[in-house]
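Numbering starts at 1 and runs along the sequence shown. Order of appearance sets the numbers: ligands from 1, and atoms from 1 within every ligand.
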Amino acid sequence: MKVAVLGAGPAGLYFAISMKRRNPAHEITVFERNRPDDTFGWGVVLSAETLDNLAANDAVSAAWIREYFAYWDDIAVFHKGVRTVSTGHGFCGIGRKRLLLLLQRRARDLGIELVFESEIADPQPLMASHDLVISADGLNSHSRATFAEVFKPDIDVRKCKFVWLGTRQKFDDAFTFIFEETEHGWVWAHAYQFEPETATFIVECSEETWAAWGFGDMNRKQSIAACEQIFAGHLGGHRLISNAGHLRGSAWINFPRVLCERWSHKNLALLGDASASAHFSIGSGTKLALESAVALADYLHSEPSLEAAFDRYESARRTEVLRLQSAARNSLEWFEDVERYLDLDPVQFNYSLLTRSQRISHENLRLRDPEWLGGAEAWFQHRSGNTDNVRRAPMFAPFQLRDLKLKNRVVVSPMAQYKAVDGCPTDWHFAHYAERAKGGAGLIYIEMTCVSPEGRITPGCTGFYAPEHEIAWKRLVDFVHAETETRICAQIGHSGPKGSTQLGWQQSDAPLATGNWPVMAASDVPWSPANQVPKPMDGADMARVRDEFVASAEMAARCGFDMLEIHAAHGYLLSSFITPLTNRRTDDYGGSLENRMRYPLEVFHAVRAAWPAEKPISMRISANDWVGDEGVTPAEAVEIARLLQAAGVDICDVSAGQTSVWARPVYGRMFQTPFSDRIRNETGIATMAVGNIYEPDHVNSILLAGRADLVCLARPHLADPYWTLHAAVQLGDRDVKWPDPYLAGRDQLYRLAERSATMGLKV
Ligand SMILES: Cc1cc2nc3c(=O)[nH]c(=O)nc-3n(C[C@H](O)[C@H](O)[C@H](O)COP(=O)(O)OP(=O)(O)OC[C@H]3O[C@@H](n4cnc5c(N)ncnc54)[C@H](O)[C@@H]3O)c2cc1C
Ligand SMILES: Cc1cc2nc3c(=O)[nH]c(=O)nc-3n(C[C@H](O)[C@H](O)[C@H](O)COP(=O)(O)O)c2cc1C
């Protein structure tokens with residue numbers, strides 16, 4: 001086959017080598033616009049595992065690379081003058097120039113023609129003269145631009161500015177992150193040694209800080225001098241060096257995240273950064289390029305046609321690319337938002353940095369560096385006021401709000417049971433909630449309990465509006481207090497535009513077949529075209545419903561509930577005021593956020609005045625309507641939380657969505673936790689995270705990274721009322737309290753867990 005490769009970066013060279021290894025008869029030419037030893041950048045990070053994969057493909061080049069590998073195990077973080085080190089991370093790296101020179105040598109040995117200083121602006125003539133053209137021409141690929149209509153590139157230019165520098169200062173004991181506060185804002189560096197005499201030193205900052213420093217108007221020399229001044233304390237008198245001499249300008253760039261819808265056209269395929277890029281902070285761009293090169297060479301030999309080979313290449317590599325891009329996105333967003341975390345204690349800041357991509361979990365960190373993690377856990381317990389047994393997972397740290405003391409951070413999220421009769425809880429509710437209270441969580445919620453018969457979502461919803469409701473709820477609260485250490489929270493709400501609908505397991509949110517009651521809301525916007533048009537509330541309606549909230553809170557107080565939550569999320573009545581999607585009012589209760597929050601806050605203030613001063617109140621909000629700028633965005637949710645905080649709300653329960661049938665949520669593990677993280681770390685209000693959190697590892701990492709103060713789990717508690725007790729067994733924590741009659745079951749479970757752990761070790 002006659003093959004042209006555009007670009008002699010890692011992708012192009014390694015593809016050429018992999019092709020020749022599979023069939024020496026291929027005639028391969030690599031065209032590169034630069035000279036053989038012109039290269040931007042310094043070191044690249046790979047892993048031992050990646051190198052093993054490469055050895056299976058071409059043992060010769062892998063052995064050469066291995067010879068030059070620098071290894072380091074530690075990550076050091078300089079923050080607020082404190083250097084924190086953790087170990088067990090296992091990186092290896094090599095100079096980019098060294099890697100390319102080795103690959104060039106290997107390519108030449110295999111008979112590949114390398115043509116340097118040859119810029120290919122248009123791939124089409126090569127497509128006509130060659131059987132196969134591979135465009136490995138990097139982030140700004142010309143071929144990708146030539147066939148943009150086919151490849152449909154999605155290029156997301158990220159917010160931070162960075163410049164890839166080097167230094168002779170040694171960073172040979174650890175991969176080092178340095179955060180420096182300057183008069184123009186924070187600037188940070190990613191530094192690692194890749195050769196005995198040289199280390200990579202990538203300097204990064206926000207666009208605002210970059211502008212305030214005037215980096216845009218500086219030439220390269222001035223830029224470097226400014227960076228030397230910023231990091232003088234870490235450079236030991238060494239210079240920062242740029243080897244991007246062949247590039248124009250100051251060499252600062254914004255990282256472009258590239259992803260193409262298609263990677264091939266006729267006899268041309270995109271490879272490496274040209275097809276998909278991964279942010280440098282997870283060090284996977286070169287790995288991705290090399291592994292894709294191997295896969296493409298494989299399929300070109302295993303498949304009967306170019307088309308079939310390209311199809312397999314795209315489908316096999318796309319999954320891996322998306323996986324890495326998702327981790328890279330988490331990581332780069334962490335750096336983009338780092339100013340949010342810089343006030344954290346150095347221990348928590350370090351933990352947050354290490355877990356930023358969500359690829360490293362709490363237990364994974366324990367495997368890497370048990371001592372460091374143990375210290376971080378002890379720090380968390382101390383800070384939570386626990387001085388007895390500090391070697392416990394964060395989920396078992398106590399938490400206090402006003403006089404309410406929770407024994408741990410696990411919360412059974414509110415979940416409607418749809419089993420009430422005329423608003424009255426039944427034996428079902430008693431049995432259901434009593435089981436969850438025995439299950440070890442620090443706090444359990446009862447479902448959204450409605451302030452009036454019309455305020456119910458369905459005919460099966462519970463209420464706080466009739467004397468028999470009070471008797472039934474009090475019986476439950478008394479049981480929880482008498483038999484467990486768990487605390488119990490009442491969630492009160494009004495269904496608004498989503499009222500008069502079917503039970504959860506019927507057609508959810510659809511009107512009743514018969515017996516509908518009239519509904520009201522902020523404006524006359526129905527939940528869906530099938531639902532009733534609600535009556536826009538007038539002043540009298542608002543005063544009446546506010547008083548119903550107060551009466552319900554008073555009933556909850558008489559029942560002895562430990563905490564109260566006002567439901568202002570999920571499209572129900574108060575939520576219908578907050579979101580602009582359903583609030584079309586032109587009076588003082590519509591328009592600006594301040595106006596849209598006016599009624600929910602009036603309700604809060606009235607309830608607060610009636611609720612015992614020593615007990616906390618939470619508000620649940622939808623922090624994202626998932627419809628883009630038309631609705632509530634995570635940024636606006638921060639402003640909502642600020643208003644709640646100023647009003648005296650003790651904790652914000654950060655949920656999302658269910659406010660519009662047009663919402664397009666992006667689901668995934670812990671998918672709503674970033675909203676809680678943002679609110680907590682930008683406003684300082686305590687938060688609860690909720691949404692697809694189901695493993696002890698999730699809970700622990702959310703808490704220790706400071707993304708929430710409490711963690712709510714809903715569906716996991718439907719499947720397992722004893723989720724917390726079982727989590728303790730899984731983590732080997734014996735300090736949780738089981739109900740006395742169940743002790744024999746507890747002992748057996750710990751024994752079985754120990755036995756399977758031992759068997760696991762023997763395997
Ligand atoms: C600051 C920074 C730090 C990074 N750190 C790491 C790291 O630690 N670990 C890691 O794995 N990855 C890292 N990367 C990513 C890594 O450099 C790339 O993902 C990787 O180089 C991709 O290889 P490639 O061959 O596709 O592209 P490139 O390495 O960009 O190679 C493309 C080649 O094509 C040539 N070329 C471009 N256009 C033409 C043309 N028209 N005609 C002829 N030749 C052309 C270019 O000169 C270049 O030599 C980093 C990237 C940056 C920007
Ligand atoms: C059956 C069921 C009923 C729910 N009822 C309520 C409710 O009454 N009030 C509320 O705020 N959220 C309610 N939710 C939402 C949960 O509290 C939680 O926010 C959501 O299920 C996401 O958490 P999870 O992924 O742990 O299930 C309910 C969820 C389920 C599954």
Side-chain angles (χ1 to χ4, degrees), residues 5-15 30-34 38-47 50 91 93-94 96 99-100 115-123 135-143 162-165 190 192 194 200 202 204 246 251 253 255-256 270-290 292-293 411-418 445-449 457 461-462 491 493 504-505 508 565 567-570 572 620 653 655-658 667 670-672 688 690-694 711-718:
V5 178
L6 313 191
L13 287 171
Y14 205 65
F15 171 76
V30 180
F31 299 93
E32 165 61 48
R33 66 177 169 196
N34 292 328
D38 268 347
T39 181
F40 69 87
W42 297 86
V44 295
V45 182
L46 294 169
S47 66
T50 305
F91 296 105
I94 183 168
R96 175 176 159 97
L99 174 70
L100 293 181
V115 183
F116 289 94
E117 298 181 73
S118 167
E119 169 126 20
I120 309 293
D122 179 358
S135 280
D137 48 352
L139 278 178
N140 301 311
S141 166
H142 279 302
S143 307
F162 72 94
V163 60
W164 199 354
L165 301 171
H190 313 235
Y192 54 94
F194 61 87
T200 295
I202 302 171
E204 193 180 14
H246 59 289
I253 59 166
F255 181 81
L270 299 177
L271 182 65
D273 276 8
S275 58
S277 62
H279 191 249
F280 59 86
S281 64
I282 62 161
S284 295
T286 304
K287 166 192 154 76
L288 214 51
L290 296 173
S292 290
V411 178
V412 178
S413 201
M415 280 180 288
Q417 297 298 297
Y418 310 107
Y445 269 76
I446 59 163
E447 65 210 81
M448 171 168 132
T449 294
I457 310 166
C461 288
T462 50
Q491 187 188 54
W505 51 83
S508 186
E565 177 168 283
H567 198 334
H570 301 171
Y572 297 119
R620 182 169 255 210
D653 183 355
S655 185
Q658 298 175 55
Y667 293 112
M670 305 182 268
F671 72 116
Q672 296 173 162
M688 289 186 250
V690 65
N692 218 13
I693 300 165
Y694 47 87
V711 180
C712 303
L713 295 88
R715 290 165 300 168
H717 279 112
L718 289 183

Polar atom proximity, H567 to ligand 2 (N or O, under 3.5 Å): yes
Contacting atoms of ligand 1, where contact means under 4.0 angstrom from a heavy atom of Y192: 8 (O)
Sub-4.0 Å heavy-atom approach of N34 to ligand 1: yes
Contact check, G504 vs ligand 2, heavy-atom distance below 4.0 Å: no
For G272, atoms of ligand 1 separated by under 4.0 Å from a heavy atom: 26 (O)
Sub-4.0 Å atoms of ligand 1 with respect to non-hydrogen atoms of F162: 1 (C), 53 (C)
Test salt bridge (Lys or Arg N to Asp or Glu O under 4.0 Å) applied to D137 - qualifying residues, sequence neighbours left out: none
T200 versus H190, side-chain donor and acceptor atoms under 3.5 Å: no
S118 touching ligand 1 at heavy-atom level, < 4.0 angstrom: yes
Side chain, backbone, both or neither: the part of A569 lying under 4.0 Å from ligand 2 by heavy atom: neither
Protein heavy atom at shortest distance from atom 13 (C) of ligand 2: P414 O, 3.0 Å
By side-chain contact (heavy atoms from CB on, under 4.5 Å) - contacts of Y694 (at least two apart): R669, N692, H698, P716
Protein heavy atom at shortest distance from atom 30 (C) of ligand 2: M415 CG, 3.7 Å
Option from M688, R620, H717 for which side-chain contact (heavy atoms from CB on, under 4.5 Å) with S413 holds: R620
Ring centres under 6.0 angstrom apart (F162, F280): yes
Shortest heavy-atom approach to atom 23 (O) of ligand 1 - which of P10, G7, G9, A278: P10
Distance from atom 26 (O) of ligand 2 to nearest protein heavy atom, with residue and atom: A714 N, 2.8 Å
Donor + acceptor pair across side chains of S141, S135 (<3.5 Å): no
Closest to atom 11 (O) of ligand 2 among Q491, M448, E447, M688 (heavy-atom distance): Q491
For ligand 1, the portion of F255 having any non-hydrogen atom under 4.0 Å away: neither
Whether I120 lies under 4.0 Å from ligand 1, heavy atom: yes
Shortest protein heavy-atom distance from atom 31 (C) of ligand 2, along with the residue and atom involved: R715 CG, 3.7 Å
Atom indices of ligand 1 within 4.0 angstrom of A11 heavy atoms, with elements: 24 (P), 25 (O), 26 (O)
Any Q417 heavy atom less than 4.0 Å from ligand 2: no
Check: A416 N/O within less than 3.5 Å of ligand 2 N/O: yes
